[in-house]
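Have a look at the structure below, then the notes.
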Amino acid sequence: MKFNTKTIHGGQSHDKAYGAVMPPIYQTSTYAQSTPGGHKGYEYSRTHNPTRHALENAFASIENGSYGLAFASGLAAIDAVIKLLQPGDEVISTNDLYGGTYRLFTKIFEGFGVKFHFIGMENADNIDRYVNQNTKLIWVETPTNPMMNIIDIKAVSRVAKKHNLLLAVDNTFATPYLQRPIDLGADIVMHSATKYLGGHSDVVMGALVVNDKSLAERLYFIQNASGAVCGPQDSFLVLRGIKTLHVRMQRHCENGKVIANWLSKHPKIEKVYWPGFEDHPNHAVAKAQMADFGGMLSFTTKGNNYAEAIKIVERLKIFTLAESLGGVESLAGHPASMTHASIPKEEREKTGVVDSLIRLSVGIEDVDDLIEDLSQAIE
Ligand SMILES: *Cc1c(COP(=O)(O)O)cnc(C)c1O
């Protein structure tokens, strides 16, 4: 089955009771048993729920994995991955990382004795010198947020295999429409399904997909034992979202490309960060591992003025000034005052998050309207 068919049919079967084409929302916490242990495969909804199960099968299918797991949020999914580890274990992570992931690693799991190294992985050979006998996991985000750096997943997976480490990839920005990390050598794919998989800014949810049976069993155990599962209503919504992932992503990419090019020619714009440009430092890797370049981009204005950037995002009318990304509607964010405000100015500027940086999640509206909106906001 090809990807555009998997989004609609992958791992799905019609409802056995009445033939419902969409899985019913099994809004139930428990299931009747005829005799102790005599059930139809479902006992308690933290452990299993048929609506969630249908969604988990869809997650596995679109990521070319064998096992999918759905969680209450993206961070709950990441939390489950780190719970595979023990005190004393070490993780090597990309340094340009989603802020909530960084917070979970440093403020929660460092307190439990897990050690994290945050490093640049644009060159995968960098990783070797941080590996020791305690290293268990490599954590990768690509493209990164908000600087749109690209990490070569295949190259990192070679390092992971050489040292017998697990490789987890946060595939939230790219989605399996653009890149499938398991095919590139990753062991675990993670999603904030809140973003493109849900696609309509109406659900908070997380996902994991793996291929290895024993790894899947350990993660299912953690999912049930820790209990950060999503409800049946949200499962239904994300399953519905996935059915249009390929058509939405196609338009996100088309609109993203037009806007990136328009911004790059604008006299008031200093720099546009988008992996589709030939002068992007890892354009060749992006071209090789991604089917297209996505709908996320960032830009800075000439003069790098904080107040001017704030004015631009305030003037936008079709783009909504908001956290998050990946919905059908266009969103804009100002990292220095929003997502990255808690990072000291010198620290954030080291990774490129300067005062005038604005991040766009380009939606699927008519691109002419989006450009008109940006144009009046920047003038
Ligand atoms: C939003 C996001 C997360 C966290 O997901 P939640 O669903 O908000 O918990 C993790 N990684 C990336 C790249 C994200 O954009």
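Whatever order the structure lists ligands and atoms in, that order sets their numbers, starting from 1. Since the model is a prediction, treat every value here as computed from it, not as a measurement.
- The pair Asp89-Lys136 counts as a salt bridge, with a side-chain nitrogen and a carboxylate oxygen less than 4.0 angstrom apart.
- Salt-bridge annotation for Arg251 and Glu254: present, with a side-chain N of the basic residue lying under 4.0 Å from a carboxylate O of the acidic one.
- The cationic atom of Lys40 (NZ for Lys, CZ for Arg) does not lie both less than 6.0 Å from the six-membered ring centre of Tyr26 and within 45° of the ring axis.
- Of all atoms in ligand 1, numbered sequentially from 1 with element shown, those under 4.0 Å from a heavy atom of Ser73 are 7 (O), 9 (O).
- At least one N/O-N/O distance between Leu75 and ligand 1 falls below 3.5 Å.
- Electrostatic pairing of Asp355 and Arg348 counts as a salt bridge here, judged by a charged N lying under 4.0 Å from a carboxylate O.
- Close contacts of ligand 1 with Met205, meaning ligand atoms under 4.0 Å from a residue heavy atom, involve 7 (O).
- If you check each of Met190, Glu323, His191, Lys195 against atom 15 (O) of ligand 1, the one with the closest non-hydrogen atom is Lys195.
- Within 6.0 Å of the CD atom in Glu372, the count of heavy atoms belonging to other residues, nucleotides or ligands does not exceed 12.
- Salt bridge annotation for Asp234-Arg52: absent, with no cationic side-chain nitrogen under 4.0 angstrom from a carboxylate oxygen.
- With a heavy-atom cut-off of 4.0 Å, Thr194 touches ligand 1 through its side chain alone.
- The protein atom (non-hydrogen) at minimum distance from atom 4 (C) of ligand 1 is Tyr98 CE2, 3.4 Å.
- If you number the atoms of ligand 1 from 1 as listed, the ones under 4.0 Å from a heavy atom of Asp170 come out as 10 (C), 11 (N), 12 (C), 13 (C).
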